[in-house]
Amino acid sequence: MPELPEVETVRRTLEPILKDKTIVDVAVYHQNMVETPDFIEQLKNQTIKSIDRMGKFLIFKLNDKVMISHLRMEGKYFLTDPRKKHPHEHVVFYLDNGQTLIYHDVRKFGKFQIRSYENYRKVSPLLKLGPEPKEANPQVIYKQLKKRHITIKQALLDQHVMAGLGNIYVDETLFRAQLHPQKNTSTLTKKQVESLVKHAIDVLNHAIELGGSTIRSYYATIGVDGKFQNELKVHTKKDEPCPVCQTQIIKIKVGGRGTYVCPRCQKK
DNA sequence: CCCGTGCCCTGGCGGC
DNA sequence: TGCCGCCAGGGCACGG
């Protein structure tokens, strides 16, 4: 599931390949993923100037509009020569160099929107997106969290608080900050929030470094699977010893999400 | 406004 | 072995 580091890896891979390429045509095979009615017409003859990212959203900067792409759970991009459509390929961008950029998504959860430069940050889905951890002011986050009555896990997954963390990196951030995912946000101290933000930054930076190391040839999968899974301390480690205290890691549900926690190191 | 629930979707897995 | 039912999960709509 692509979170900020994986999306950043995709961005860094795609940008040099797609820069200055013009979209000559588009095919959409699953309409629910496209939230802009005249999506295809709006993209024709648009040239890709750059690719940005906000949280987990990819932002394709075109001549005079912006395409927003969210990979959700399993979205992937491929660049190939034209070929017969494969299963799970839902959007195909035909480029002026004869190649095709393919969006592949088994669960069809991904979303696309076209927006104008004037308002793309002022409307859904970017309107209420919070700052990324490295841009976040811990004092501001602290004040927001004090007012709420949810678990820290839910708060860190809430992209309106901070953008970029998903289920994996939230578990890893909470472990490093030695805080229990079920701890209520209203009970957090300033120091604990500062620690959360700091560890979120560290985890994401470390993962970006490792994601970047697995970029493959652009004819292969443009990957969302880096090497950070080797660095995970609690996520997916049910029944394995905590790397700090050797207590068995447990798996629980928090806010409906599978959550891995060291019951000894992480305090409520 | 705040929070919980359900929806979208399909591969894979547990249970029988 | 084979089949069926259910679960996972990001973001958002909706309802209390």
Side-chain angles (χ1 to χ4, degrees), chain A residues 1-11 28-36 53-59 67-77 85-91 103-115 120-133 140-141 143-174 181-188 200 204 207 221 224-225 229 232 234-239 250-261:
Chain A
M1 55 215 73
E3 305 179 26
L4 188 154
E6 292 75 25
V7 179
E8 175 60 17
T9 301
V10 172
R11 190 198 70 75
V28 174
Y29 297 102
H30 187 78
Q31 199 60 44
N32 285 355
M33 304 175 61
V34 171
E35 298 190 331
T36 301
R53 181 187 55 71
M54 290 177 70
K56 305 176 201 171
F57 292 88
L58 283 169
I59 301 166
M67 181 180 81
I68 301 169
S69 164
H70 198 300
L71 306 173
R72 294 292 181 95
M73 311 303 297
E74 304 195 9
K76 295 174 177 66
Y77 281 102
K85 181 183 177 300
H86 290 200
H88 309 309
E89 295 178 356
H90 306 302
V91 184
Y103 180 75
H104 177 285
D105 191 340
V106 170
R107 300 225 171 137
K108 298 180 180 157
F109 267 26
K111 296 287 181 196
F112 291 85
Q113 298 93 7
I114 311 270
R115 298 284 185 259
Y120 77 97
R121 289 166 181 264
K122 300 173 190 165
V123 298
S124 163
L126 302 182
L127 171 64
K128 294 183 178 171
L129 194 67
E132 295 186 6
V140 174
I141 304 296
K143 283 178 187 167
Q144 287 178 355
L145 295 185
K146 285 305 271 188
K147 286 186 286 194
R148 301 189 62 180
H149 296 275
I150 51 175
T151 64
I152 322 179
K153 167 114 188 187
Q154 290 171 288
L156 293 181
L157 285 172
D158 184 346
Q159 303 297 297
H160 303 141
V161 176
M162 287 196 291
L165 294 170
N167 206 34
I168 296 170
Y169 295 113
V170 167
D171 282 2
E172 294 299 307
T173 297
L174 288 168
Q182 287 173 317
K183 182 175 174 63
N184 195 289
T185 50
S186 62
T187 69
L188 285 165
L204 294 175
T221 307
V224 292
D225 46 0
Q229 64 272 17
L232 295 176
V234 286
H235 197 81
T236 71
K237 303 299 183 185
K238 176 172 150 60
D239 295 337
I250 57 170
K251 184 180 183 186
I252 58 176
K253 282 248 185 198
V254 183
R257 304 284 183 238
T259 301
Y260 297 85
V261 53

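The chains referred to below are lettered A, B, ... by the order of the sequence lines, with proteins before strands, and numbering in each begins at 1.
Judged by distance alone, with hydrogens and angles left aside, the side-chain atoms of A:R53 form a donor-acceptor pair with the main-chain N or O of A:G55 at under 3.5 Å. Between the A:K128 side chain and the A:V123 main chain, no donor and acceptor come within less than 3.5 Å of each other.
As a whole-Å value, the separation of A:I168 CD1 from C:dG10 C1' is 13 Å. Whole-Å rounding puts the A:R257 CZ to C:dC7 P distance at 14 Å. Taking atom CD of residue A:Q182 and atom C1' of nucleotide B:dG4, one finds them 16 Å apart after rounding to whole Å. Distance, A:E74 CD to C:dG11 P: 15 Å, rounded to whole Å. Atoms CE (A:M162) and P (C:dG10) sit 16 Å apart, rounded to a whole Å. Atom C1' of nucleotide C:dG11 and atom NZ of A:K128 are separated by 13 Å, given to the nearest angstrom. Rounded to whole angstrom, the span from the NE2 atom of A:H104 across to the P atom of B:dG11 amounts to 10 Å. Rounding to whole angstrom units, CD of residue A:E6 and C1' of C:dG10 are separated by 14 Å.
Annotation: side chain of A:Q113 is in contact with side chain of A:P125 (closest heavy-atom distance under 4.5 Å). In this structure the side chain of A:L204 reaches within 4.5 angstrom of the side chain of A:P133, judged on heavy atoms. Between A:L157 and A:Q154 there is no side-chain heavy-atom pair separated by less than 4.5 Å. Looking only at side-chain heavy atoms (C-beta outward), A:R115 and A:T36 come within less than 4.5 Å of each other.
As judged by a 4.0 angstrom heavy-atom cut-off over every strand, A:G258 is placed among residues touching the sugar-phosphate backbone only. Within 4.0 Å of A:K253, counting heavy atoms only, lie sugar-phosphate atoms of the nucleic acid but no base atom.
Each end of the helix from B:dC2-C:dG16 to B:dC16-C:dG2 gets its own axis from five base pairs, and the two axes differ in direction by 60°, given to 10 degrees.
In this view, A:H88 and A:H104 satisfy the ring-ring contact (aromatic ring centres under 6.0 Å, His included) rule, not counting sequence neighbours. In this view, A:F112 and A:F39, A:Y103 satisfy the ring-ring contact (aromatic ring centres under 6.0 Å, His included) rule, not counting sequence neighbours. A search for side chain to side chain donor-acceptor pair (under 3.5 Å) contacts involving A:E172 returns A:R176, not counting sequence neighbours. Taking A:I250 as the reference, A:I252, A:V261, A:P263 meet the side chain to side chain contact (heavy atoms under 4.5 Å, CB included) condition, with sequence neighbours excluded. Remark: A:E74 engages A:R107 in a salt bridge (charged side-chain N to carboxylate O under 4.0 Å, His left out) (not counting sequence neighbours). In this structure, the side chain to side chain donor-acceptor pair (under 3.5 Å) partners of A:H160, at least two apart in sequence or on a different chain, are A:D158.
Residues of residues 144-159 of chain A that place a heavy atom closer than 4.0 Å to DNA chain B, in numerical order, are A:R148, A:H149, A:I150, A:Q154.
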Solution key, residues 162-171 of chain A side-chain donor-acceptor pairs under 3.5 Å, sequence neighbours excluded:
from: A:N167; atom 1: OD1; to: A:K153; atom 2: NZ; distance (Å): 2.6
from: A:N167; atom 1: ND2; to: A:G258; atom 2: O; distance (Å): 3.0
from: A:Y169; atom 1: OH; to: A:E6; atom 2: OE2; distance (Å): 2.7
from: A:D171; atom 1: OD1; to: A:K153; atom 2: NZ; distance (Å): 2.6
from: A:D171; atom 1: OD2; to: A:H235; atom 2: ND1; distance (Å): 2.8
from: A:D171; atom 1: OD2; to: A:Y260; atom 2: N; distance (Å): 3.0

Can you name the atoms? Protein N/O to nucleotides 7-9 of chain B N/O, anything below 3.5 Å, with the distance.
from: B:dC9; atom 1: OP1; to: A:H30; atom 2: NE2; distance (Å): 3.1
from: B:dC9; atom 1: OP1; to: A:N32; atom 2: ND2; distance (Å): 2.8
from: B:dC9; atom 1: O4'; to: A:R107; atom 2: O; distance (Å): 3.3

Using the 3.5 Å cut-off, write out each protein N or O paired with an N or O of nucleotides 4-6 of chain C and the distance between them.
none

Write out a two-atom table: protein N or O, nucleotide N or O from nucleotides 14-16 of chain C, distance below 3.5 Å.
none

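Taken to the nearest 0.5 Å, the CD1 atom of A:I141 stands 5.0 Å off from the CD atom of A:Q144.
Few gaps surround NZ on A:K85; more than 12 heavy atoms of other groups in view lie less than 6.0 Å from it.
Taking 4.0 angstrom as the limit, A:K56 places a side-chain polar atom (N or O) nearer than this to OP1 or OP2 of C:dG11.
The minimum heavy-atom distance between A:R72 and A:F109, with the atom names listed, is CG-O, 2.9 Å.
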